[in-house]
Amino acid sequence: MRENHKNQCFVSNKEVYKMLIEFNVENFRSIKEEVTLSMVSTKDASLEDNLIKIDVLKEDSLLKSAAIYGANASGKTNVLLALTLLKGLVTTSHNFQKGDSLEFTPFKLDKKCLTKPIKMSITFIKKGVKYVYGLSFNKEKIISEYLYSYPYKKTIFERKNTNDYKFMKNKKEQDVLSLRTRPNQLYLSKATLDNYEPLSKIFDWFKEDLRVIISTDYHTLKNYTAGMLKDDSTKKLILNALAVADVGIDDISRTIEKLTMADLPKDMPQELKKLVMNNEKEIKQSKINTIHKGVSFDFDEEESEGTKKIFSLIGPWIDALKNGRILIVDELDVKLHHLLNVFLIKLFHDPTQNKNNAQLIFTTHNTNLLDRDIFRRDQIWFTEKDDKIGVTDLYSLVEYSPRKDKDVERGYLAGKYGALPFIKENKIF
């Protein structure tokens with residue numbers, strides 16, 4: 001199934017292809033003009049284990065990972081939030097009712113942008129076929145939507161002016177489906193809900209293969225990883241990873257506790273209690289205990305924040321590596337030691353660990369990762385916001401053509417690549 005191709009991880013089974021190639025977004029939050037995040041590599045021959053070579057792209061290779069740097073409020077997270085929004089629209093817009101508003105957050109510092117749509121497009125591979133999916137929308141409706149397959153730009157469907165559709169196959173069936181699609185619903189989402197099988201694998205790519213983790217997700221991720229403990233083989237992998245991370249955990253257990261309104265603090269406001277309980281009479285929650293040298297510890301009360309984060313991340317990490325998913329993580333470095341960052345990243349680069357060509361994209365401030373033994377030049381990206389007009393730009397280190405022997409971290413901190421906070425003076429009094 002696998003061949004060694006100049007030390008690259010070469011996939012010969014097209015059924016496992018599910019990689020991200022490129023993402024474009026325009027007029028979203030601090031992003032005014034279109035920016036592009038590309039996972040296509042350059043011809044640089046360094047660190048070939050960091051590449052995926054696939055016949056679908058012929059001579060091109062894909063990157064296994066990409067790191068995005070930039071000052072606070074430069075727009076790093078907005079790139080990931082755009083991906084989150086796209087995924088959310090695809091997977092949930094079929095539930096939108098008439099009159100429901102879309103999440104419309106255009107670039108606000110130019111009044112013209114307030115009346116322009118948000119535009120997004122994404123290029124990816126699913127089961128050996130390259131697809132481009134795109135859309136534009138405002139608060140009230142989807143304006144355009146399209147899906148093409150390549151190499152010959154075969155139109156699967158096109159949607160213009162909200163209700164004008166073009167189909168190449170199964171026209172009668174899809175005409176009926178389009179009539180059922182509300183202006184604020186994506187056709188991809190609605191047609192899949194209505195069991196139009198040809199689009200199901202595209203929907204599944206967004207739902208199953210594209211995973212986005214933002215900073216508010218870590219409590220949920222703790223329960224996700226805990227849920228994986230019930231499988232003995234997966235639990236072994238989790239314990240192996242925690243042992244490598246050197247957090248001192250010898251074993252870990254999970255029990256399910258039922259929580260009722262009466263279990264909540266008496267002085268907690270009633271509305272907050274309802275919010276916690278999600279209007280349910282009782283909810284289930286994971287109770288996690290870790291074992292250190294034979295002694296049991298309460299995970300939530302007695303473990304460090306760094307241990308909690310590595311535990312929360314290791315579940316999605318194992319899932320992504322095992323199933324070849326695209327994992328998008330905001331602020332990977334927060335609460336993690338530098339060496340733990342390196343450990344997590346190198347799992348994606350190592351062909352013995354990443355056997356299904358999973359991809360990792362993350363934002364970070366950890367400049368110690370700007371190491372040419374970890375990343376190629378094309379894996380390093382920056383965001384910078386223009387102080388005068390507040391616009392985010394996204395660009396690759398490749399644009400600066402640094403020499404292979406150049407100290408990238410030193411160059412970045414010296415301001416050679418931009419994307420640094422501009423601190424006017426070291427005084428506040």
Side-chain angles (χ1 to χ4, degrees), residues 20 22-42 44 46-47 50 63-84 105 107-110 212-215 327-336 338 341-342 344-345 359-426:
L20 173 65
E22 182 178 288
F23 175 63
N24 304 278
V25 58
E26 176 184 334
N27 194 30
F28 175 76
R29 292 180 175 261
S30 63
I31 300 167
K32 181 181 180 183
E33 307 297 335
E34 182 182 75
V35 298
T36 299
L37 177 66
S38 175
M39 297 299 285
V40 179
S41 72
T42 63
D44 185 350
S46 65
L47 298 178
N50 293 16
L63 301 167
K64 289 183 180 177
S65 71
I68 305 175
Y69 285 83
N72 293 104
S74 64
K76 299 187 303 298
T77 298
N78 288 342
V79 176
L80 306 195
L81 288 176
L83 277 164
T84 304
T105 51
F107 182 76
K108 293 184 176 181
L109 299 180
D110 184 340
V212 186
I213 298 172
I214 57 177
S215 57
L327 189 61
I328 318 290
V329 184
D330 192 25
E331 298 182 343
L332 175 62
D333 56 307
V334 174
K335 298 178 183 177
L336 287 184
H338 166 66
N341 277 265
V342 174
L344 291 171
I345 293 162
Q359 291 171 294
L360 171 68
I361 299 170
F362 64 95
T363 66
T364 181
H365 290 289
N366 184 356
T367 61
N368 290 326
L369 293 173
L370 291 171
D371 186 332
R372 298 301 298 278
D373 291 330
I374 301 174
F375 290 116
R376 296 156 49 92
R377 288 172 293 184
D378 48 14
Q379 291 178 277
I380 299 170
W381 290 76
F382 302 106
T383 55
E384 186 170 55
K385 186 183 286 186
D386 185 300
D387 286 337
K388 294 181 179 179
I389 54 177
V391 172
T392 291
D393 187 22
L394 174 68
Y395 54 93
S396 169
L397 176 63
V398 172
E399 294 184 24
Y400 289 85
S401 302
R403 297 195 316 269
K404 292 184 179 180
D405 61 348
K406 200 75 172 177
D407 187 328
V408 177
E409 180 183 15
R410 180 179 294 180
Y412 173 57
L413 293 175
K416 292 183 178 181
Y417 314 125
L420 285 173
F422 178 64
I423 302 173
K424 296 180 180 179
E425 56 183 64
N426 295 320

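- In this structure, a donor-acceptor pair under 3.5 Å is absent between the side chains of Glu26 and Asn24.
- For the atom pair Lys32 NZ and Asp110 CG, the distance stands at 4.0 Å (nearest 0.5 Å).
- Inter-residue side-chain proximity for Asn72 and His365 is flagged as met; some heavy-atom pair is nearer than 4.5 Å.
- Judged by distance alone, the side chain of Tyr395 and the main-chain N or O of Tyr417 form a donor-acceptor pair under 3.5 Å.
- Between Leu37 atom CG and Ile328 atom CD1 the span is 8.0 Å, to the nearest 0.5 Å.
- Between Phe375 and Ala67 the shortest heavy-atom distance is CZ-CB, 4.1 Å.
- Although no hydrogens or angles enter the test, the distance criterion places no donor-acceptor pair under 3.5 Å between the side chain of Thr36 and the main chain of Ser38.
- With rounding to the nearest 0.5 Å, the separation of CG in Asn366 from CG in Leu332 is 8.5 Å.
- Between Lys64 and Met39, the shortest heavy-atom contact is C-CE, 4.4 Å.
- Taking every heavy atom of both residues into account, His338 and Leu369 meet most closely at CE1-CD2, 3.7 Å.
- Atom CD of Glu34 is separated from atom CG of Leu394 by 11.0 Å, given to the nearest 0.5 angstrom.
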Please lay out, stage by stage, how Ile213 and Leu327 fare under the test side-chain contact (heavy atoms from CB on, under 4.5 Å).
CA-CA 8 Å; Ile213 298 172; Leu327 189 61; 3.9 Å; yes

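- A donor-acceptor contact shorter than 3.5 Å is absent between the side chain of Thr363 and the backbone of Ile68.
- With hydrogens and angles disregarded, a donor-acceptor distance shorter than 3.5 Å links the side chain of Asn27 to the backbone of Phe107.
- Counting heavy atoms from C-beta on, the side chains of Trp381 and Ile361 never come closer than 4.5 Å.
- No side-chain heavy atom of Leu63 sits under 4.5 Å from any side-chain heavy atom of Asn50.
- Ion pairing of Asp378 with Arg376 is present here, as a side-chain N (NZ or NE/NH1/NH2) and a carboxylate O approach within less than 4.0 Å.
- Under the 4.5 Å side-chain criterion, counting only non-hydrogen atoms from C-beta, Ile389 is not in contact with Leu109.
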Give the intermediate values and the outcome of side-chain hydrogen bond (donor to acceptor under 3.5 Å, both in side chains) for residues Ser46 and Asp44.
CA-CA 6 Å; Ser46 65; Asp44 185 350; 3.1 Å; yes

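- Closest approach of Tyr400 to Gly418, counting heavy atoms only: OH-N, 4.5 Å.
- Remark: Asn341 CG to Asp333 CG distance equals 5.5 Å, nearest 0.5 Å.
- At distances below 3.5 Å, at least one donor-acceptor pair connects side-chain atoms of Lys76 with backbone N or O atoms of Ala71.
- Using a 4.5 Å heavy-atom cutoff, the side chains of Thr42 and Arg377 are not in contact.
- Looking at Ser74, its side chain never comes within 3.5 Å of a backbone N or O of Lys385 through a donor-acceptor pair.
- Heavy-atom minimum distance, Ile374 versus Gln379: O-OE1, 4.2 Å.
- Contact record, Gly75 with Ser30: CA-OG, 3.8 Å, taken as the closest heavy-atom pair.
- Checking side-chain atoms of Glu409 against main-chain N and O of Asp371 turns up no donor-acceptor pair under 3.5 Å.
- Contact check for Leu360 versus Leu344: no side-chain heavy atoms found under the 4.5 Å cut-off.
- With values rounded to the nearest 0.5 angstrom, Thr367 atom OG1 is found 4.5 Å from Leu413 atom CG.
- Aromatic ring centroids of Tyr412 and Phe382 lie under 6.0 Å apart.
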